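So the structure is just underneath, and the comments pick up after that.
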Amino acid sequence: MTELTDLTAVQLVDGYRKGEFSPVDVTRAVLRRAEDIQLVVNAFVRLDHEDALARAEESTARWRRGEPAGLVDGVPVTVKDILLQRGAPTFRGSRCVSEQGAWDEDAPSVARLREHGAVFVGKTTTPEFGWKAVTDSPRHGITRNPYDATRTAGGSSGGSAAAVALGAGPLSLGTDGGGSVRIPAAFCGIFGFKPTYGRVPLYPTSAFGTLAHVGPMTRDAADAALLMDVIAAQDTRDWSQLPPAAGSFRDGAAGGVRGLRIAYSPSLGGQVAVRPAVAAAVRGAVQRLAALGAYVEEADPDFADPVAAFQTLWFSGAARVAQQLPPDRRELLDPGFREVCGQGARYSALDYLAAVDVRTELGRRMGRFHERYDVLVTPTLPVTAFEAGAEVPAKSGLRRWTGWTPFTYPFNLTQQPAASVPCGADAEGLPAGVQIVAARHADALVLRVAQALYEGGDVPGVRPAPLPRAVAS
């Protein structure tokens with residue numbers, strides 16, 4: 001018998017409609033699961049049993065009347081502790097943030113979920129201010145991988161990824177400024193989607209500027225499309241938001257891949273050394289797309305690694321975060337974060353504008369690339385999850401997290417939609433991800449290709465056992 005915590009959001013809504021179970025039943029099961037996994041993976045900053053059950057009871061009453069409030073009425077949701085949620089502190093992983101405060105405002109995506117009747121289970125962990133691609137912070141400690149508790153969940157939306165993978169709510173809101181949705185999705189064997197910049201409104205504005213996106217972290221592409229239909233609504237607090245999407249993302253995800261032109265870049269033109277197990281898993285996903293009728297060609301986008309430009313923009317944003325803190329509080333920061341803040345503070349306005357020039361050229365090149373190809377497919381990451389509590393893999397010789405994420409941050413610079421889909425595992429059973437990238441505004445196309453992978457057969461690693469090795473042990 002399938003447990004309630006193993007069901008997707010689409011399945012939950014269908015079950016509520018048919019009266020097979022209630023939001024109260026599901027919420028109780030999810031809260032129990034969340035408590036169990038917290039002891040091992042540390043995915044949560046806060047669990048709110050009282051509020052969650054109260055919202056679930058209200059939802060149950062609405063479903064019994066045949067009057068659901070919206071598309072995800074009664075579905076348990078978690079929220080990364082970067083986004084504001086009314087009634088809950090938003091610590092951002094930092095000891096510099098006080099719990100005291102009104103906490104009386106929702107971020108736009110959270111507000112839309114509230115309007116649609118979602119049940120908020122808890123806030124999930126993040127590194128301090130979401131600055132790096134693994135999840136540990138001075139305030140909340142280390143978040144661990146659902147498949148091996150000695151490994152990292154990735155970051156910076158690591159708590160959300162671990163929670164979804166382990167059944168503590170099928171939907172989660174993550175943020176992605178350099179891969180922070182896609183990286184933990186790949187490490188934890190779930191689906192993560194970074195929409196086109198501005199497609200999902202964001203408020204307050206991120207210090208990392210137009211690199212920062214809000215996106216779904218879910219069990220599969222169908223759930224992400226459902227969540228996008230909720231959170232991509234307009235919000236006047238974000239002056240940079242896009243106009244309303246044309247049509248439903250759920251409808252746009254249908255149709256398969258037959259006839260699509262897919263460029264497969266296994267290593268960005270030899271620039272990235274990809275572990276053989278990851279390369280083989282990604283190649284298998286590409287072969288499945290070809291078998292489903294896509295025209296697949298091995299082709300590399302023509303750009304050099306833009307890491308220097310990305311770091312200029314990213315570290316400048318970090319410096320701006322620190323600048324707003326009282327000097328005596330800055331000593332409480334994560335030492336790594338404090339270091340990149342110092343580096344960012346040394347950049348000049350001309351350095352920043354030079355990085356913008358690199359970004360502009362990269363966007364031009366990718367625009368031309370997508371005149372020839374509908375989507376680009378790459379590994380999400382060149383590695384699987386490494387030891388927890390480290391910013392980079394041991395003995396890698398790398399200094400910063402950008403050294404092992406070369407497939408993700410370029411598409412924050414270009415603001416393109418990109419997703420990570422589980423595609424297999426290495427010899428240790430750790431998940432690998434395949435990344436799907438499309439031209440700006442072609443969000444539905446990314447979801448369509450991802451959905452085809454799910455419908456075309458089992459997607460390895462997408463649904464771990466109810467209690468994977470990390471918890472079962």
Side-chain angles (χ1 to χ4, degrees), residues 126-127 130-136 142-145 147-148 150-158 161-162 174 176-190 192 194 208 211 265-282 300 303-315 318 334 336-337 339-340 343 377-413 418-420 422-428 430-435 437 461:
T126 176
W131 80 273
K132 60 183 175 179
V134 293
T135 300
D136 58 72
I142 297 171
T143 298
R144 299 177 182 276
N145 192 283
Y147 289 82
D148 184 341
T150 69
R151 310 297 183 102
T152 180
S156 62
S157 306
D176 189 316
S180 289
V181 161
R182 292 158 289 154
I183 292 163
F187 276 1
C188 294
I190 68 163
K194 178 187 77 69
F208 301 107
L211 297 171
S265 179
S267 62
L268 294 180
Q271 296 184 78
V272 185
V274 180
R275 289 187 183 173
V278 174
V282 172
D300 299 305
F303 65 78
D305 186 357
V307 64
F310 176 79
Q311 287 183 339
T312 299
L313 300 173
W314 189 257
F315 295 172
D334 178 333
F337 182 63
E339 184 178 326
V340 302
Q343 184 173 340
V377 172
T378 74
T380 306
L381 297 166
V383 297
T384 52
F386 51 86
E387 58 272 22
E391 184 182 344
V392 300
K395 301 179 181 178
S396 65
L398 299 173
R399 174 71 177 139
R400 294 264 80 103
W401 62 269
T402 45
W404 55 270
T405 61
F407 293 108
T408 58
Y409 57 75
F411 305 110
N412 292 82
L413 289 168
S420 180
C423 63
D426 66 11
E428 298 177 275
L430 297 168
V434 58
Q435 180 175 233
V437 184

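Because the structure is predicted, anything quoted here is derived from the model rather than measured.
Using a 4.5 Å cut-off on side-chain heavy atoms (C-beta onward), Phe386 and Val134 make contact. In this structure the side chain of Gln271 never reaches within 4.5 angstrom of the side chain of Asp300, judged on heavy atoms. You'll find the side chain of Pro431 stays beyond 4.5 Å of the side chain of Thr384, heavy atoms only. Side chains of Thr152 and Asp136 form no contact here, defined as non-hydrogen atoms less than 4.5 Å apart.
Remark: side-chain polar atoms of Asp176 are paired, donor with acceptor, to backbone N or O of Val181 under 3.5 angstrom. With hydrogens and angles ignored, the 3.5 Å screen pairs a side-chain donor or acceptor of Ser157 with a backbone N or O of Ser180. Side-chain N or O atoms of Thr408 include one that pairs as donor or acceptor with a backbone N or O of Gly178 at under 3.5 Å.
Considering every non-hydrogen atom in both Gly270 and Ser267, the closest pair reads N-OG, 2.9 Å. Of all heavy-atom pairs spanning Lys132 and Pro127, the tightest one is O-CG, 3.5 Å. Residue Ala133 comes nearest to Thr405 through the heavy atom pair CB-CG2, 4.2 Å, listed as atom of the first residue, atom of the second, then distance. Contact detail for Leu381 and Ala186: the closest heavy-atom pair is CD1-CB, 4.1 Å. Contact between Ala281 and Gly424 at its shortest, heavy atoms only, is CB-CA, 4.1 Å. Taking every heavy atom of both residues into account, Val278 and Pro379 meet most closely at CG1-CB, 4.3 Å.
Here Trp314 pairs with nothing under the side-chain hydrogen bond (donor to acceptor under 3.5 Å, both in side chains) rule; sequence neighbours left out. A search for salt bridge (charged side-chain N to carboxylate O under 4.0 Å, His left out) contacts involving Glu387 returns nothing, not counting sequence neighbours.
Between Trp404 and Phe187, the ring planes lie parallel to each other; the angle is under 30°, not in the 30° to 60° tilted range. Ring pair Phe310/Trp401 is perpendicular by interplanar angle, where above 60° counts as perpendicular and below 30° as parallel.
Of the inter-residue distances, the one linking Trp131 atom CH2 with Thr126 atom OG1 reads 11.5 Å to the nearest 0.5 angstrom. Here the straight-line distance linking atom OG of Ser396 with atom CD of Glu391 works out to 10.0 Å at 0.5 Å rounding. Annotation: the span from Lys194 atom NZ to Asn412 atom CG amounts to 5.0 Å, rounded to 0.5 Å. To the nearest 0.5 angstrom, Arg400 atom CZ is 8.5 Å from Gln311 atom CD. Interatomic distance, OG1 of Thr135 versus CD1 of Ile142, reported as 10.5 Å (0.5 Å rounding).
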Apply side-chain contact (heavy atoms from CB on, under 4.5 Å) to the pair Val274 and Phe407, showing each step before the final yes or no.
CA-CA 11 Å; Val274 180; Phe407 293 108; 3.9 Å; yes
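If you check the side chains of Ser420 and Thr380, you find a donor sitting under 3.5 Å from an acceptor.
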